[in-house]
2 protein chains.
Amino acid sequence: MQIATWNVNSIRTRQQIVTDWLKQNPVDVLCLQETKVRDEQFPLAPFESLGYHVYISGQKSYNGVAIFSKEPVTDIIFGFSPILGDNLVRDFDEQKRVISGVIDNIRVVNLYVPNGSAIGSEKYEYKLGWLALLKQYLQNLKENQSTEICICGDFNIALEDKDIYNSKNKAKHIMSSPVEREVLQDVLTVGLQDAFRKFTTEEGHYSWWDYRAAGFQRNRGWRIDHHYLTPKLYEQATKCWIDIEPRKLEKPSDHAPVVVEIEQ
Amino acid sequence: MQIATWNVNSIRTRQQIVTDWLKQNPVDVLCLQETKVRDEQFPLAPFESLGYHVYISGQKSYNGVAIFSKEPVTDIIFGFSPILGDNLVRDFDEQKRVISGVIDNIRVVNLYVPNGSAIGSEKYEYKLGWLALLKQYLQNLKENQSTEICICGDFNIALEDKDIYNSKNKAKHIMSSPVEREVLQDVLTVGLQDAFRKFTTEEGHYSWWDYRAAGFQRNRGWRIDHHYLTPKLYEQATKCWIDIEPRKLEKPSDHAPVVVEIEQ
DNA sequence: GTGCCCTTAG
DNA sequence: CTAAGGGCAC
């Protein structure tokens, strides 16, 4: 089973690139982030035509997540509040950043972690608060569900210096500050491991390159799109790779898709 | 000699369509309207590469006119004020709607007549005032210059009912109201005749179709892009036609080019 | 419907 | 640099 994650930066603008990629890479599950479209306007047909069931949680302009799956997905959960309770997280769920469901006895959790803008900003505090909620959400899932868990998506955090093209000033940069890394590491203590690092330990593998300053041409990238797996799945993982080909096309997303293969 | 007029509705967006058309239709002169770009940002190179001298008078977002010519153009005049005097028309020249120059002893006057929005509106009054100035401008040119004159461009007026797909309610519609027609007819009394109507008298020939309500597919068009010629040129005109092919392409302008051929 | 500006966001 | 939305114009 192959599960891919891809921040597409607008599914409407990227429709052709995504369908082309799925024809070449018929993954079982594709988790999308930054779909940037209201549910009524989501282009379902091109993906359903390829044999996918489509599950969406969108909003206009910003954020938005979706799951495409060859098999029907069961027990879909939209946002944090069905697990953590309306009162606590209603405000957080206004931004559509979380969708999850069960496929083949794996709970796939698709995440678009807040970017955080700049260290110390209001958006940064939102990011840290959001990650704290994520930990609670995952703990609850682990305690109350019998499935293995695969969380994936755009984490907007590079955990190690080798995940960044140039680690100068990393401590002051959003996505690589010590506090962000600690908070994400703390989330992972619920029992999750980085699938990519099971197979590849060297530096220089990236999933995101800034549109600005010709980031891709100069390979100034970051590895911020991840799959984290519970122990049994981690054992079963046979491959994990970043496909930079779609990043080379005309009008690409700034992110590349990342795929994990699991042999059950 | 062939002189074309084309409202391109943004030269940056239409660059490919215009260069493709010029390769197929290497007219001597192309008069453009609604270039919608500041002079510093005008894409000169693609047109100069095709052998054209380029003369521009643009502004951001709205209006903007240009002349492309195989031969160098002499005695370029920007706007009304060089002819009518700064005091009278400085305000009118803030909108870039007029550029003219002499090619092969013909003064070509390229016009983007104000649309007028709705009858009775402030923009409508501006349109009528602008046309009154145009008459003075043309009278002055006729009195003080020895060349023949070809005025062309987007007039935003259909002079006759047969120039409109459906003349119902024409009297209440901008671009076909009696007052607009009278004012344009009055401009033409300086001594100008409609080149297109020298050759084609029947109804159903249009140069503009609204993007809205599938105007082109239903052929709900208007003939509002014209060439008007002084008597000698009118005699020398051998052809005048509207080329609707570019209107059929992807992402077209809402206007088609119109070409007049003059045998000197 | 289409295009451009400006703003917000990344 | 890229994308979206709201506003304006046509």
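Sequence lines set the chain letters: A, B, ... in the order given, protein chains first and strands last, and positions in each chain run from 1. Keep in mind that this is a model prediction, so the values were computed, not measured.
The line from CH2 of A/W222 to OH of A/Y165 is 7.5 Å long, rounded to the nearest 0.5 Å.
Contact check on A/D161 versus A/R181 returns a salt bridge, with a Lys/Arg side-chain nitrogen under 4.0 Å from an Asp/Glu carboxylate oxygen. Remark: A/R220 does not engage A/D210 in a salt bridge, criterion side-chain N to carboxylate O under 4.0 Å. A salt bridge links B/D194 with B/R223; the closest basic N to acidic carboxylate O contact falls under 4.0 Å.
Rounding to whole angstrom units, CG of residue A/N7 and C1' of D/dA3 are separated by 12 Å. The distance between atom CD of B/Q59 and atom P of D/dA9, rounded to the nearest whole Å, is 12 Å. Distance NE2 (B/H255) to C1' (C/dG1): 13 Å, rounded to an integer number of Å. In this entry the distance linking NZ of B/K127 with C1' of D/dA9 reads 14 Å, nearest Å. Summarising the geometry, the separation between CD on B/Q217 and C1' on C/dG1 is reported as 11 Å, rounded to the nearest angstrom.
The side-chain hydrogen bond (donor to acceptor under 3.5 Å, both in side chains) with A/D163 is formed by just one residue from the set A/H205, A/R197, A/K170; it is A/R197.
By the neighbour-count criterion of 12 heavy atoms within 6.0 Å, atom CD of A/E203 is sparsely surrounded, having that number or fewer from other residues, nucleotides or ligands.
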query = What string of B, S and - do you get for nucleotides 3-10 of chain C, 5' to 3', when a contact is any protein heavy atom under 4.0 Å?
reply = SSSS-BSB
